[in-house]
Amino acid sequence: MAEEPTTTLVTPEKLPSSDQAAPEVSESTQEVLPRETVTPEKVTETNPPESAETTTKPEEETAAEHHPPTVTETETASTEKQELGDESSSQKEVAEEKKSMIPQNIGSFKEESSKLSDLSNSEKKSLDELKHLVRDALDNHQFSSISKPEDTNNTPEEVKIWGIPLLEDDRSDVVLLKFLRARDFKVKDSFAMLKNTVKWRREFKIDELVEEELVDDLDKVVFMHGHDREGHPVCYNVYGEFQNKELYNKTFSDEEKRKHFLRTRIQFLERSIRKLDFSSGGVSTIFQVNDMKNSPGLGKKELRSATKQAVELLQDNYPEFVFKQAFINVPWWYLVFYTVIGPFMTPRSKSKLVFAGPSRSAETLFKYISPEQVPVQYGGLSVDPCDCNPDFSLEDSASEITVKPGTKQTVEIIIYEKCELVWEIRVIGWEVSYKAEFVPEEKDAYTVVIQKPRKMRPSDEPVLTHSFKVNELGKVLLTVDNPTSKKKKLVYRFNVKPL
């Protein structure tokens, strides 16, 4: 018989005195039970304490002297009856994704270091050669559309890209490296690309565009939210919003509207790029997430035309700004989408692509982005910045646990002072049973039921939030029972508020 997974997290607070009062439940307490003592047959420890003092904390010890949280895990078989519908649903999802043959990756890619000191000798030589060509071009006003004026007194031309003056400081080197890498460090090709980009930016009046106040209804279509695990800002593109016929027609119905759409997207990108760190070693690329759920598809010629034009402009004039392109909720027709986009992408760009079907989208995002940084609608815990969440922020980290098929997982939070404990918990797709209880340390005390066992359906609220006030030593147990035949991803976080 398997054993129950238990994750123990110790809050680094002082031990309470023995005369503290009984705990209070901030929400209505449904039931009080005599405490049961369960002794697991086997306990597996990870991140063990350095000494036995971790589990015995003297009252005079300060918070700074406490050890970090101790994590232990055990397993037990699920006590819930497995529902046949769960298994058939799981098999159907797997069959659909196999049928569509959705790959997880196209090639492989590791982002090069942006530290100038990490360049190889040949790369440094290419950068120096490119800088020399740029210096000559600036001195002779070769970036201008007109010949060098007679009254310049040999004053070099000033050229800025993404708000950074060329050859003024090390940030310019990082900019030039993007053009070099886009052309495999072929100096002449990189310089030609740079000149064409400067020319396009002047023709498109990019600097003026950045300052314009353009009006659109696309704040839910394209938006920035959080950072990935390596610090890259994350941009979400939600194509399903274009299922709204009114929004689609307002954006793509004629050539003038498509031009306005392109201008708004370039303005959004320019403003986002100018927030990046172009210093040596800084983060100067973006993580792109493309949500394909309910996308109208490429049968829409207006969308196809606008997409093709946008891809060509971005590839020609915004080199090496995408760290990773993740396509999630990918439908069967993604192959058609990729067939259309593919010819306009370099092999290097293709190597940055990641694909995930609907059942694996959250799991795929979590490989690159922490759950607290992922929006709720994509499996994470982060709410829209416009919404109010006074208990948690992007800085409050979350933990992930895999709940195996037919097992239970318990998160055990040990409390050492009077406090209010607030937590958020979710299981991607639910189809599990969830309960919460407080177990006092005192032997004769009663277990307090915070949440009776509740069968959670996929249609239930994605994130549950509870709070509990406690005035004595004890622990809160959050138990998830997975009776299905598929593994589940459990995500949770908590905060302790002293009373």
Side-chain angles (χ1 to χ4, degrees), residues 89-111 221-230 232-243 285-298 307 311 322-342 345 349-382 398 400-403 405 426-431 458 462-463 484-491:
S89 175
S90 174
Q91 292 173 346
K92 183 177 180 181
E93 288 179 3
V94 173
E96 286 296 322
E97 292 200 13
K98 284 184 177 180
K99 181 179 178 181
S100 61
M101 299 178 63
I102 297 174
Q104 292 185 345
N105 290 82
I106 299 291
S108 60
F109 170 74
K110 181 179 180 181
E111 186 176 36
V221 177
V222 183
F223 59 90
M224 305 294 292
H225 190 104
H227 297 78
D228 72 359
R229 296 181 185 271
E230 298 182 31
H232 303 92
V234 182
C235 178
Y236 291 84
N237 302 279
V238 189
Y239 296 101
E241 292 292 328
F242 288 126
Q243 284 286 14
T285 52
I286 297 172
F287 192 112
Q288 291 267 7
V289 177
N290 304 282
D291 181 9
M292 309 303 292
K293 183 178 180 180
N294 297 325
S295 175
L298 294 176
T307 300
V311 169
V322 176
F323 165 66
K324 190 76 70 176
Q325 284 266 21
F327 291 81
I328 61 173
N329 294 315
V330 176
W332 64 268
W333 57 262
Y334 101 93
L335 289 172
V336 178
F337 175 83
Y338 181 71
T339 300
V340 174
I341 296 295
M345 302 180 70
S349 296
K350 292 179 183 178
S351 70
K352 302 178 184 181
L353 303 182
V354 176
F355 294 90
S359 67
R360 295 182 180 273
S361 291
E363 181 181 351
T364 299
L365 287 182
F366 290 167
K367 290 180 181 179
Y368 306 100
I369 312 171
S370 300
E372 69 273 9
Q373 298 280 339
V374 176
V376 169
Q377 63 267 36
Y378 296 121
L381 299 176
S382 182
E400 308 167 50
I401 303 175
T402 297
V403 187
R426 78 175 298 174
V427 174
I428 311 303
W430 289 113
E431 295 181 326
V463 181
T484 71
S485 59
K486 50 187 176 180
K487 64 181 180 180
K488 294 286 186 176
K489 180 68 71 174
L490 164 63
V491 180

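- The two residues Ala398 and Glu372 have their closest heavy-atom pair at N-OE1, 2.9 Å.
- In this structure, the side chains of Asp291 and Tyr239 stay at 4.5 Å or more apart for every pair of heavy atoms.
- Residues Val222 and Val238 have side chains not in contact (no heavy-atom distance under 4.5 Å, counting atoms from C-beta outward).
- When all heavy atoms of Phe366 and Gly379 are compared, the closest pair comes out as CZ-O, 3.2 Å.
- Put simply, the side chain of Gln325 reaches to within 4.5 Å of the side chain of Asn290, judged on heavy atoms.
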Candidate pair Ile428 and Lys488, rule side chain to side chain contact (heavy atoms under 4.5 Å, CB included), full reasoning: CA-CA 7 Å; Ile428 311 303; Lys488 294 286 186 176; over 6 Å; no
Residue pair Met224, Val234: steps toward the side chain to side chain contact (heavy atoms under 4.5 Å, CB included) verdict: CA-CA 6 Å; Met224 305 294 292; Val234 182; over 6 Å; no
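- Within the 4.5 Å cutoff, the side chain of Val491 has heavy atoms near those of the Leu381 side chain.
- Atoms OG and CG, from Ser370 and Leu365 in turn, are 11.5 Å apart once rounded to the nearest 0.5 Å.
- Inter-residue side-chain proximity for Cys235 and Val289 is flagged as unmet; no heavy-atom pair is nearer than 4.5 Å.
- Of all the heavy atoms in Val330 and Pro358, the pair that sits closest is O-CD, 3.8 Å.
- Annotation: side-chain contact (heavy atoms from CB on, under 4.5 Å) contacts of Pro375 (sequence neighbours excluded): His225, Tyr236, Gln377, Tyr378.
- Residues that satisfy the side-chain contact (heavy atoms from CB on, under 4.5 Å) test with Gln243, not counting sequence neighbours, are Asn294.
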Step-by-step side chain to side chain contact (heavy atoms under 4.5 Å, CB included) determination, Thr285 to Val322: CA-CA 5 Å; Thr285 52; Val322 176; over 6 Å; no
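- Judged by distance alone, the side chains of Gln373 and Asp228 never bring a donor and an acceptor atom under 3.5 Å apart.
- Between Trp430 and Pro458 the shortest heavy-atom distance is CB-N, 4.3 Å.
- In this structure Glu400 satisfies the salt bridge (charged side-chain N to carboxylate O under 4.0 Å, His left out) test together with Arg229, Lys489, sequence neighbours excluded.
- Separation of atoms OG (Ser295) and CG (Asn237) is listed at 11.0 Å; rounding is to 0.5 Å.
- For the pair Pro233 and Ile286, the tightest heavy-atom approach, listed with the atom from each and the gap, is O-CG2, 3.4 Å.
- With a 4.5 Å cut-off on side-chain heavy atoms, Val354 and Phe327 do not count as touching.
- For the pair Val376/Arg426, a side-chain contact is recorded, criterion being any heavy-atom separation below 4.5 Å from C-beta on.
- Nearest heavy-atom pair across Lys324 and Tyr368 is CE-CE2, 4.1 Å.
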